[in-house]
Chemist: 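Can you read through this structure? Questions will come right after.
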Amino acid sequence: NYYVNYRNRPAGRVSQKINGRPALSWSAEFQRYDQPWIEVITAIYSENVIAQVGLQIPAAKFEAARPAFAQLVESVRLP
């Protein structure tokens with residue numbers, strides 16, 4: 001199974017603004033290939049568009065990838 005023991009992280013939901021648009025980020029933990037993994041998704045909303053940016057990564061590599069993911073999310077521009 002690709003998402004063994006999938007569960008949302010208790011403190012993993014964050015409401016925020018990204019480039020002036022409302023956004024919601026959430027994260028989850030699961031097992032893949034007998035290793036802990038993390039999934040992070042950010043949804044950014046405008047009147048006519050919803051953009052989602054997601055990352056699935058082994059938990060051991062998450063902190064190193066976090067700045068690049070944040071930069072990707074911040075680069076989203078919605079009409």
Side-chain angles (χ1 to χ4, degrees):
N1 192 332
Y2 217 54
Y3 295 99
V4 176
N5 297 325
Y6 189 97
R7 64 183 172 90
N8 289 313
R9 298 171 111 184
R13 292 189 184 146
V14 178
S15 294
Q16 58 192 320
K17 293 272 188 183
I18 296 177
N19 297 314
R21 300 287 185 189
L24 177 65
S25 296
W26 63 94
S27 61
E29 300 170 342
F30 59 97
Q31 295 285 316
R32 181 179 288 164
Y33 308 119
D34 295 323
Q35 293 182 354
W37 279 60
I38 293 176
E39 177 177 57
V40 180
I41 299 172
T42 297
I44 306 164
Y45 303 90
S46 73
E47 290 181 24
N48 299 312
V49 177
I50 299 172
Q52 286 190 346
V53 181
L55 171 68
Q56 291 184 349
I57 191 167
K61 297 180 179 182
F62 177 66
E63 289 303 323
R66 187 191 295 250
F69 180 73
Q71 185 177 16
L72 176 62
V73 169
E74 290 291 331
S75 74
V76 174
R77 302 285 188 266
L78 297 181

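In this chain, numbering begins with 1 at the start of the sequence shown.
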Chemist: Report yes if the side chains of Asn48 and Pro79 come closer than 4.5 Å at any heavy-atom pair, otherwise no.
Modeler: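 They are not in side-chain contact.
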Chemist: How close do Ser25 and Gln16 get, heavy atom to heavy atom, and via which atoms?
Modeler: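 Scanning both residues, the minimum pair turns out to be OG-NE2, 2.6 Å.
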Chemist: Checking side-chain polar atoms at under 3.5 Å, does Tyr3 have a donor or acceptor matched by the opposite partner on Glu39?
Modeler: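 No, Glu39 and Tyr3 have no side-chain donor paired with an acceptor closer than 3.5 Å.
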Chemist: Find out if a path of hydrophobic residues (ILVMFWY) with successive side-chain heavy-atom gaps under 4.5 Å connects Tyr2 to Ile38.
Modeler: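 Result: no, two separate clusters.
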Chemist: Is it the case that Arg21 places NZ or CZ above or below the six-membered ring of Tyr45, under 6.0 angstrom from the centre and within 45 degrees of the axis?
Modeler: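 Ring-cation test returns no.
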Chemist: Could you state whether Leu72 and Leu55 fall into the same hydrophobic cluster, counting links through intermediate Ile, Leu, Val, Met, Phe, Trp or Tyr residues with side-chain heavy atoms under 4.5 angstrom apart?
Modeler: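 Yes, one cluster joins them.
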Chemist: What closest approach, in Å, do Gln35 and Pro58 show between heavy atoms, and which atom pair accounts for it?
Modeler: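 Of all heavy-atom pairs spanning Gln35 and Pro58, the closest is OE1-CB, 4.2 Å.
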Chemist: Quick one: which residue pairs count as a side-chain hydrogen bond (donor to acceptor under 3.5 Å, both in side chains) with a foot in residues 68-79, not counting sequence neighbours?
Modeler: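 Qualifying pairs: Asn19-Arg77.
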Chemist: Report yes or no: do Val76 and Leu24 belong to one cluster of Ile/Leu/Val/Met/Phe/Trp/Tyr joined by side chain heavy-atom distances under 4.5 Å?
Modeler: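 Val76 and Leu24: separate clusters.
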Chemist: Can you tell me if CZ on Arg13 sees more than 12 non-hydrogen neighbours from other groups inside 6.0 Å?
Modeler: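 Open.
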Chemist: Please round to the nearest 0.5 Å and tell me the distance separating atom CD of Glu29 and atom OH of Tyr6.
Modeler: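 OH of Tyr6 is found 10.5 Å from CD of Glu29.
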Chemist: Do the side chains of Phe69 and Ile57 join up, straight or via other hydrophobic residues, at under 4.5 Å, putting them in one cluster?
Modeler: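 Yes; Ile57 is reachable from Phe69 via cluster members.
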Chemist: Verify side chain to side chain contact (heavy atoms under 4.5 Å, CB included) between Val73 and Ile44, making sure each step is shown before the conclusion.
Modeler: CA-CA 9 Å; Val73 169; Ile44 306 164; 4.3 Å; yes
Chemist: Would you please test Val40 and Arg66 for side chain to side chain contact (heavy atoms under 4.5 Å, CB included) and show each step?
Modeler: CA-CA 10 Å; Val40 180; Arg66 187 191 295 250; over 6 Å; no
Chemist: If I take atom OG from residue Ser27 and atom CD from residue Gln56, how far apart are they, to the nearest 0.5 angstrom?
Modeler: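 Reported value, rounded in 0.5 Å steps: 12.5 Å.
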Chemist: Please answer: with hydrophobic residues joined when any side-chain heavy atoms are less than 4.5 Å apart, are Val53 and Ile41 in the same cluster?
Modeler: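 They do not share one cluster, since no chain of ILVMFWY contacts under 4.5 Å joins Val53 to Ile41.
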